[in-house]
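Both ligands and their constituent atoms are indexed starting at 1 by order of listing.
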Amino acid sequence: MSHTDLTDDVREVGAAVLATLATHIESVRTGAGEVVSADDIDTVAKRLELRRWVEEGGMTLPELLSFVTTYSDISASHHHPGYMGHQIAPSDTPGVVADLLQAMTNNIPLVYELAPAAAAVDRAVCRWMLDKVGWAETGIGAMTNGGTLGNLTALLAARSHADATAWREGTPGDLVVFAPATSHYSVRKAAAVMGLGERGVHALPTDELGRIDPAGLAPALAEARAQGKRPVAVVANGCATGTGLYDPIAEVAQFCESNGLWFHFDGAHGAAALLSPRLRGLLAGIERADSTVWDGHKMLRTSALCTGVLFREKRYLDTMFKQDASYLYRPEAEDVDPGQFTFETSKAPLGLKILLTLAYRGEDAMRAYVERQYALATELWELIQERGDFTAPYRPDSNILCFRYEPWGDRQLELRARLIQDGRFYLSSFQLNGRPYLRASLMSPTTDRQTLRELLEVIVELAAV
Ligand SMILES: *Cc1c(COP(=O)(O)O)cnc(C)c1O
């Protein structure tokens with residue numbers, strides 16, 4: 001049928017696809033199948049019959065369901081107990097419903113009148129996040145597509161703060177950002193995009209685990225000033241992507257306040273600890289930052305992407321993104337038309353994923369997930385302490401832990417390749433102080449202590465063959 005449209009078949013197709021996907025996830029949760037396919041891209045293209053579908057079309061509903069199953073089988077299974085790779089949420093029902101709602105309504109909250117419901121939801125979710133950080137009274141926030149864009153947006157605000165002419169005239173050559181080398185690559189990307197260059201990011205001194213050394217802040221600033229540089233911002237992490245460790249936030253805040261510097265706190269992964277009275281101490285001082293980012297698609301279990309970029313003071317935005325799009329924006333409506341201070345123009349209403357998670361699962365359930373996953377990494381650390389053949393360089397702050405199988409010395413990446421080929425587990429890796437480590441990021445709610453024991457056993461088993 002050439003004129004079939006959404007409402008003609010979405011009930012039937014949607015119900016069948018959802019049932020197929022639910023069956024797949026149920027099976028993945030029990031640990032069935034490979035965590036992620038190790039096939040190469042051409043093999044995958046063949047398994048999915050991509051050439052046929054591109055060239056001939058004509059997919060029937062049974063073929064669509066079979067495609068959905070094959071696609072899911074080949075994909076990384078974030079609900080699998082053996083998935084310990086990157087910090088990607090095993091998505092939960094409310095976020096899936098939000099994606100469906102968006103797919104069907106396709107509203108774009110660029111300005112309020114285009115998407116009233118979505119704009120109201122985004123504002124409510126930003127206010128919730130601001131409240132958790134401690135900025136409910138003075139702050140402002142927007143939803144954006146990922147921590148990477150969030151970091152760029154916050155650093156753009158910092159740049160305007162350092163030099164209000166930069167948006168119009170271009171970036172002066174003397175601006176620099178301070179960040180520890182353990183910062184997410186997106187901080188260097190942002191510096192490059194803003195015209196500071198990657199070399200415009202000055203590495204802050206750290207301890208041996210890559211955490212900012214507060215005693216190194218003043219010398220770093222003095223050295224940059226002696227070179228004629230002007231600071232845009234100091235970046236600290238909670239937690240650092242590679243190690244999962246939190247920087248000493250209060251000390252950095254103190255230093256920034258004393259020196260009139262913008263403090264950007266990258267909480268993409270770790271700001272979720274704000275939900276837990278037990279873990280909140282890791283973030284003590286976050287309220288003294290000037291800006292932060294917080295990803296929903298990491299520890300709040302929403303689908304990608306879903307990020308809040310948050311500012312302590314509304315007035316920070318006065319000089320940022322001086323846009324001339326008078327056909328769109330009303331200057332008096334900044335937290336009603338939040339498109340005024342995000343990088344995107346059209347974008348999905350991302351806040352709905354968090355709003356429905358809060359509404360349908362509840363903040364307590366979200367807190368319980370964060371606490372459970374953080375505790376699990378400590379369990380892995382404890383299991384490692386009980387054995388002589390594995391080591392871990394620190395007790396984890398979060399749900400991320402780097403470790404090594406000692407008999408394999410610096411060949412940990414080979415070990416990881418074997419593990420991926422085997423298919424029962426998926427780990428990432430990290431270079432700490434120039435040495436390779438296996439890295440577990442414990443995101444799946446089906447991973448438990450027994451899974452962690454098995455992980456260590458399987459590593460020993462694969463090392464022996
Ligand atoms: C994941 C992460 C980012 C990047 O966020 P995306 O949502 O992947 O763009 C930035 N900073 C930290 C600390 C992160 O963990």
Side-chain angles (χ1 to χ4, degrees), residues 76 78 84-91 95 125 129 133 141-156 158 177-194 198 201 204 206 209-212 233-249 252 263-274 282-283 286 289 291-310 342-344 347-348 350-351 353-354 370 373-374 377 396-402 428-430 432 439-443:
H78 300 293
M84 304 172 186
H86 296 279
Q87 303 137 269
I88 302 168
S91 49
V125 166
M129 287 179 149
V133 176
M143 301 306 297
T144 195
N145 277 285
T148 298
L149 269 188
N151 280 337
L152 173 62
T153 310
L155 290 173
L156 278 168
V177 167
F178 297 95
T182 37
S183 295
H184 192 263
Y185 180 50
S186 56
V187 171
R188 273 168 300 163
K189 272 196 206 167
V193 167
M194 289 196 303
E198 276 194 321
V201 181
L204 287 171
T206 59
L209 294 172
R211 288 174 297 208
I212 292 176
V234 175
V235 178
N237 302 297
C239 48
T241 309
T243 58
L245 295 171
Y246 286 70
D247 280 322
I249 305 171
V252 176
F263 175 18
H264 174 61
F265 177 71
D266 184 350
H269 182 96
L274 289 169
L282 291 165
L283 290 153
I286 186 177
S291 55
T292 189
V293 298
W294 180 355
D295 280 353
H297 55 276
K298 287 180 176 162
M299 297 307 289
L300 302 184
R301 294 198 59 188
T302 78
S303 55
L305 293 164
C306 175
T307 298
V309 53
L310 310 170
T342 54
F343 200 76
E344 303 98 322
K347 70 170 161 57
L350 309 169
K353 303 180 200 204
I354 293 177
V370 176
Q373 302 310 119
Y374 274 39
D397 282 346
S398 66
N399 55 330
I400 298 170
L401 182 64
C402 293
S428 58
S429 62
F430 186 63
L432 185 60
R439 173 179 174 276
S441 175
L442 301 173
M443 301 296 290

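- Between the side chains of Ser428 and His86, no donor N or O sits under 3.5 Å from an acceptor N or O.
- Among Lys298, His297, His184, the residue whose heavy atom sits closest to atom 15 (O) of ligand 1 is Lys298.
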| message | With side chain to side chain contact (heavy atoms under 4.5 Å, CB included) as the criterion, how do Ser186 and Asn151 come out once you've worked through the C-alpha distance, each side chain's angles and the decisive distance to 0.1 Å? | response | CA-CA 7 Å; Ser186 56; Asn151 280 337; 3.1 Å; yes
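- Between Gly147 and ligand 1, at least one N/O pair is under 3.5 Å apart.
- Close contacts of ligand 1 with Ser186, meaning ligand atoms under 4.0 Å from a residue heavy atom, involve 10 (C).
- Heavy atoms of Cys239 found under 4.0 angstrom from ligand 1 belong exclusively to the backbone.
- Nearest to atom 11 (N) of ligand 1 among the protein's heavy atoms is Asp266 OD2, 2.6 Å.
- When non-hydrogen atoms are compared, ligand 1 lies under 4.0 Å from the side chain of Asn151 (C-beta onward) but not from its backbone.
- The backbone N or O of Thr342 sits nowhere less than 3.5 Å from a side-chain atom of Thr153 that would complete a donor-acceptor pair.
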| task | Would you check, one step at a time, whether the test side chain to side chain contact (heavy atoms under 4.5 Å, CB included) holds for Leu156 with Phe343? | result | CA-CA 10 Å; Leu156 278 168; Phe343 200 76; 4.2 Å; yes
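- Taking every heavy atom of Gln87 and a limit of under 4.0 angstrom, the matching atoms of ligand 1 come to 15 (O).
- Residue Gly146 approaches ligand 1 through these ligand atoms, each under 4.0 Å from one of its heavy atoms: 7 (O), 9 (O).
- Put simply, NZ on Lys353 and NE2 on His297 are 9.0 Å apart, with the number rounded to the nearest 0.5 Å.
- Numbered from 1 in the order shown, with element, the atoms of ligand 1 that lie under 4.0 Å from a heavy atom of Ala268 read 2 (C), 3 (C), 10 (C), 11 (N), 12 (C), 14 (C).
- Contacts between Asp295 and ligand 1 below 4.0 angstrom, taking non-hydrogen atoms only, involve the side chain exclusively.
- A donor-acceptor pair under 3.5 Å is formed between the side chain of Thr182 and the backbone N or O of Gly210.
- Side-chain contact check for His184 and Asn237: no donor-acceptor pair (N or O, by modelled atom type) lies under 3.5 Å.
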